[in-house]
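Report on the following structure.
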Amino acid sequence: MLDLKYIRENLDEAERRLRTRGGKSYLDGLRELDERRRTLLKEGETLKALRNSVSDEIGRTKDKSQVQDKILAMREVSHKIKGLDDELGLVDEQLQSFLLTVPNLPHGTTPIGASENDNVQVRCWGEPQKLPFAAKPHWDLGEDLGILDFERGAKITGARFTLYRGAGARMERALINLMLDLHTDQHGYQEVLPPFMVNRDSMTGTGQLPKFEDDLFKMVDPDFFLIPTAEVPVTNIHRGEILKKSDLPISYCAYTPCFRREAGSYGKDTRGLIRQHQFNKVELVKFVHPSESDAGLETLTGHAEKVLQLLGLPYRVMALCSADIGFSAAKTYDLEVWLPGQCCYREISSCSTFGDFQARRASIRFREDEKGKPEFVHTLNGSGLAVGRTLVAILENYQQEDGSVLVPPVLQPYMGGLERIVR
RNA sequence: GGAGAGAUGGCCGAGUAGGUCGAAGGCGCUCGCCUGCUAAGCGAGUAUACUGGGAAACCGGUAUCGAGGGUUCGAAUCCCUCUCUCUCCGCCA
């Protein structure tokens, strides 16, 4: 959520920055709503002040017969207040839901662009290898090796669900452990294991609601949602809290499965593990002092990159342009891993800074000075990494001409010493 | 799922015949004083949001005693709904 006061005072600038995302208009009608609200507020509060003082007077008068006229007058005033409050409630609601659907302002260093084609490559690591034989896509490798069973996944549940078997299941688990160990032991994150279902407030806090309900799996009876990313439960750990400045930065990492409807992506990536309704991810989340958020994004991105480097997977870092960053993000780096089986780079991690956007929605604050006003922290997060896609990248990059797949050395200890997956 | 108890400020905890309660008291914390140091002691201060005024310091208004609604001139106190916590029973990994 954006700061209403900031918008009020910088309407044109805010609109201009928002339009770099590509829409036509983001703040139309906001000024009128805001002014209407303040008018109603002022009127109602004046009457309330009157009522309070007169009621006080009535209370101190022992002989109530002397104040009958005042009681009657206040009955009238209360009636008016009720009317004003009702209207104010309506306007407030409109204003609130308006604000909740306005995306974040792009960061000053986010490249301006019109589509994903305008994303900017920041750096790359490793050599995208051309395999000296006909490279297979991971779905063929996985099926041939008997470690990925797409057909039965579809039978058990439906499209975009996959059954992992044997070394495949083991590798998924090994990757989760490798990533968690790295981030906790080397990068200073505290491991957390959050609920995989969250309530509406949590979804609103990080920005998935109210706008993107169609992308989520929703429970019927309790009004809960399956998490689309650990970002949601982990960022909401501190919803409504005032943190100690000395506790910042707070760094959490969490493994969770993620559940996404993938509405609107029919026909896209229908084969293989790339786009599933359920996938595993290790997520990094940071709460930082505002002055640290820019540097924080760089280090957090570095932590995600480290996983790819350890696994020896070539990748590039893309700065997403203004048209391609997510609703809540101010700036995003995508890590794209090289997939020789499909001869392309695919997103495997997305690292973003949200500025105070999520912190304002979720009311996560700290005090600069003991006596100072609470201020919003900045939140950051990034995948470190998407586990299923990492397994995809390993299969495709480490495949051999005979159809077997070598296990990256760092992963072997996590797989009982297994060096090669064969049929 | 059944029965009961509860939810007050950073914490503990008063507060039911509705008014002087944003809320006693204690602890903690901050600033000052005092004591040769420490402990103790003394004094003052110590919620948040919105909003009006002001360059600012700051001053004023409104709201908030789990959440929402109702009764009333007036509600932490009365009524209704919901959420959460705890205890007992049932069920269960």
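Reminder, nothing fancy here: chain letters follow the sequence lines and each chain counts from 1.
Separating the P atom of B:G41 from that of B:C82 is a span of 50 Å, rounded to the nearest Å. Distance noted for atom C1' between B:C79 and B:C92: 38 Å (whole Å). B:C80 and B:C58 are spaced 46 Å apart, taking the P atom of each and rounding to whole Å. Comparing the P positions of B:U16 and B:U30 gives an interatomic distance of 34 Å, to the nearest angstrom. Only the C1' atoms considered, B:C73 is 26 Å distant from B:U81, to the nearest whole Å. Remark: the separation of the C1' atoms in B:G19 and B:G13 is 24 Å, to the nearest Å. When the C1' atom is compared between B:G69 and B:G54, the two are found 39 Å apart, to the nearest whole Å. For the C1' atom pair drawn from B:A5 and B:G74, the interatomic distance equals 31 Å after rounding to whole Å.
Of the residues in residues 96-105 of chain A, not one comes within less than 4.0 Å of RNA chain B through any heavy atom.
Residues satisfying the side-chain hydrogen bond (donor to acceptor under 3.5 Å, both in side chains) test with A:S202, not counting sequence neighbours, are A:N199, A:R239. Taking the side-chain hydrogen bond (donor to acceptor under 3.5 Å, both in side chains) definition, one finds that A:D181 meets it with A:Y414, sequence neighbours left out. With sequence neighbours excluded, no residue forms a side chain to side chain contact (heavy atoms under 4.5 Å, CB included) with A:K373. Every side chain to side chain contact (heavy atoms under 4.5 Å, CB included) that A:E43 has, sequence neighbours left out, goes to A:T39, A:L84. For A:K42, the salt bridge (charged side-chain N to carboxylate O under 4.0 Å, His left out) test picks out no residue, with sequence neighbours left out. Remark: A:N177 engages no residue in a side-chain hydrogen bond (donor to acceptor under 3.5 Å, both in side chains) (not counting sequence neighbours).
Among residue pairs with one or both ends in residues 137-181 of chain A, those qualifying as ring-ring contact (aromatic ring centres under 6.0 Å, His included) are A:F161-A:H277; sequence neighbours excluded. Counting only residues at least two apart or on different chains, the ring-ring contact (aromatic ring centres under 6.0 Å, His included) pairs with a member in residues 360-380 of chain A are A:H289-A:F366.
For the pair A:R8 and B:U51, the criterion of a side-chain N or O lying under 4.0 Å from OP1 or OP2 is met. Using a 4.0 Å cut-off, some side-chain N or O of A:R365 falls inside it from OP1 or OP2 of B:A49. In this model, the phosphate group of B:G52 is approached by a side-chain N or O of A:R38 to a distance below 4.0 Å at OP1 or OP2.
Between the CD atom of A:E241 and the P atom of B:C11 there is a distance of 11 Å, given to the nearest Å.
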**Report entry** Sugar-phosphate or base contact per nucleotide [nucleotides 62-78 of chain B; S, B, -; heavy atom under 4.0 Å]
**Finding:** BS------S--BS----

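By the neighbour-count criterion of 12 heavy atoms within 6.0 Å, atom CD of A:E151 is sparsely surrounded, having that number or fewer from other residues, nucleotides or ligands. Other residues, nucleotides and ligands contribute only 12 or fewer heavy atoms inside 6.0 Å of the NZ atom of A:K70.
Base pairing in RNA chain B gives the following stems of 3 or more Watson-Crick or G-U pairs, range against range and under 3.5 Å: B:1-7 with B:83-89, B:10-12 with B:25-27, B:28-33 with B:41-46, B:47-53 with B:58-64, B:66-70 with B:78-82.
Annotation: cation-pi geometry satisfied between A:K286 and A:Y189 (NZ/CZ under 6.0 angstrom from ring centroid, within 45° of ring axis).
Using a 4.0 Å heavy-atom criterion, one finds that A:K244 contacts no nucleic acid atom at all.
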Can you list, pair by pair, the side-chain donor-acceptor contacts under 3.5 Å of residues 415-423 of chain A, counting residues two or more places apart and other chains?
| from | atom 1 | to | atom 2 | distance (Å) |
| --- | --- | --- | --- | --- |
| A:R420 | NH1 | A:S404 | OG | 2.6 |
| A:R423 | NH1 | A:E143 | O | 3.4 |
| A:R423 | NH1 | A:D144 | O | 2.6 |

